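Owing to the predicted nature of the structure, the values given are computational and were not obtained by experimental measurement. Lettering of chains follows the sequences in order, A, B, ..., and the numbering in each one begins at 1.
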There are 2 protein chains.
Amino acid sequence: MTRTSEGEQAPEDVLVALADPIRREVLAVLAREGDATSTSLAASLPITRQAVAKHLAVLDRAGLVRAHRAGREVLYEADLQPLRRTTRWMDTLATQWEHHLNAIKDLAEGATGS
Amino acid sequence: MTRTSEGEQAPEDVLVALADPIRREVLAVLAREGDATSTSLAASLPITRQAVAKHLAVLDRAGLVRAHRAGREVLYEADLQPLRRTTRWMDTLATQWEHHLNAIKDLAEGATGS
DNA sequence: CGGATGCGCTACCCAAAGGTTGCACATCCC
DNA sequence: GGGATGTGCAACCTTTGGGTAGCGCATCCG
C-alpha cells in the first residue's frame, strides 16, 4: 500500500527525495509520460523493479507521487505541489538569511567607520 | 585549504548539501552570527570539530560557503547565491513538468470525450 | 482451471555518509 | 623558546542508502 500517509510532507523530505538523481529522473519520466508502474519505470531505468519501488516510497513520503491501484497493478502519479511549496520555503529561508548577513555587514562597517 | 574550486557548483550539489539537517543548521548559524571557524561552530553543535569540517567541505563544494584564512584560523562565510539559483532551477523544473502533466491530462480528456 | 504477469516483502550485499579518535604541524603570545 | 590554541589529515567504526535476488500471493486471461 506504500503508506501514502496524509499531510506529513515536510520540505526537508522533499529535499532528501530530490537529492538523488534517479528519483529526479523518476519524477521526470512520470511527468513526461504520465502515470506508470514500478515495473514500467524499471524498464526505462538502469535498476530493478524493487529498487524503483524503494525510490517511489521515498517520493511518496515527500508527497511528490501518489499511488493508485488499478486491478493488479499500481499506478504512480506525480504531484508537483510539494515541490512548489519547497521552493517557496527555500526562498523564504534565503531571504531571512540574507537579512541576517546584511545586518552583520552593516554592524561591521559601522565599527570600522567609528 | 578546502578546495574552493571555482565555478563548479551545480544545483544538484546544493540539493545534496541542503538535504542534511546539520548542514542547514551550519548555514543558519553562519547567517545569524556571521563568519565562524569549524571549532567555534562545533561549540554550538552536537558534533566534533572534525565532523563540522567535513560538512563545511560539502557546503563549500556546493558553493554555499567560502573559506578565508586569518592567521592560524580559517573563517567560513555563507554565500546564498547558489541557494537562490537553485530555487530558480527547481521552479523552472516544476513549471516544465507541470506543462507535461497538463498536456497529458488534456490528451486523456480528449480521448474520453471522443 | 491454470499459466502468465505484476506486487509486496524479506534477507542480504556493498558502498558511501556521518562521526570519532589520534597525531602532526602551524601559529599565536607570554 | 615554549606552552596554548587551531587546523589538516589519516585510520577507523557504524549506520544508512541504494541495489539485488528470491519467494509467496493476487490478478488477469486463454
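- Residues B/Val52 and B/Leu56 meet the side-chain proximity criterion, which asks for heavy atoms closer than 4.5 Å.
- Other residues, nucleotides and ligands place no more than 12 heavy atoms under 6.0 Å from the CD atom of A/Gln81.
- The C1' atoms of five pairs define one axis at each end of the helix from C/dC1-D/dG30 to C/dC30-D/dG1, and these two axes lie 20° apart (to 10°).
- We find that CG of B/Leu56 is positioned 14 Å from C1' of D/dG6, with the value rounded to whole Å.
- Between A/Arg66 and A/Asp79, at least one side-chain nitrogen of the basic residue sits less than 4.0 Å from a carboxylate oxygen of the acidic one, meeting the salt-bridge criterion.
- Between D/dT5 and B/Thr39, no contact under 4.0 Å exists linking OP1 or OP2 to a side-chain N or O.
- Looking at A/Arg32 and A/Glu25, a side-chain N of the basic residue comes within less than 4.0 Å of a carboxylate O on the acidic one, giving a salt bridge.
- Contact check for A/Asp35 versus A/Tyr76: no side-chain heavy atoms found under the 4.5 Å cut-off.
- The side chain of B/Ser38 sits closest to D/dT7 out of C/dC7, C/dT5, D/dT7.
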Would you mind building the protein contact string for nucleotides 11-23 of chain D? One character per nucleotide, 5' to 3', B for base within reach (heavy atoms under 4.0 Å), S for sugar-phosphate only, - for untouched. -------SBBBB-

Dump the intermediate steps for side chain to side chain donor-acceptor pair (under 3.5 Å) on B/Arg72 and B/Thr37, then the final yes or no. CA-CA 11 Å; B/Arg72 90 182 128 179; B/Thr37 68; over 6 Å; no

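- In this structure, B/Glu77 and B/Val65 have side chains that are not in contact, with every pair of non-hydrogen atoms separated by 4.5 Å or more.
- In terms of polar N and O atoms assigned as donor or acceptor, the side chain of B/Arg72 never comes within less than 3.5 Å of the base of D/dT7 in a complementary pairing.
- Side-chain contact between B/Leu18 and A/Glu12: absent, with no pair of heavy atoms (C-beta onward) separated by less than 4.5 Å.
- In this entry the distance linking CD of A/Glu73 with P of D/dC28 reads 9 Å, nearest Å.
- For the pair B/Leu45 CG and C/dG19 P, the interatomic distance rounds to 10 Å; values are reported in whole Å.
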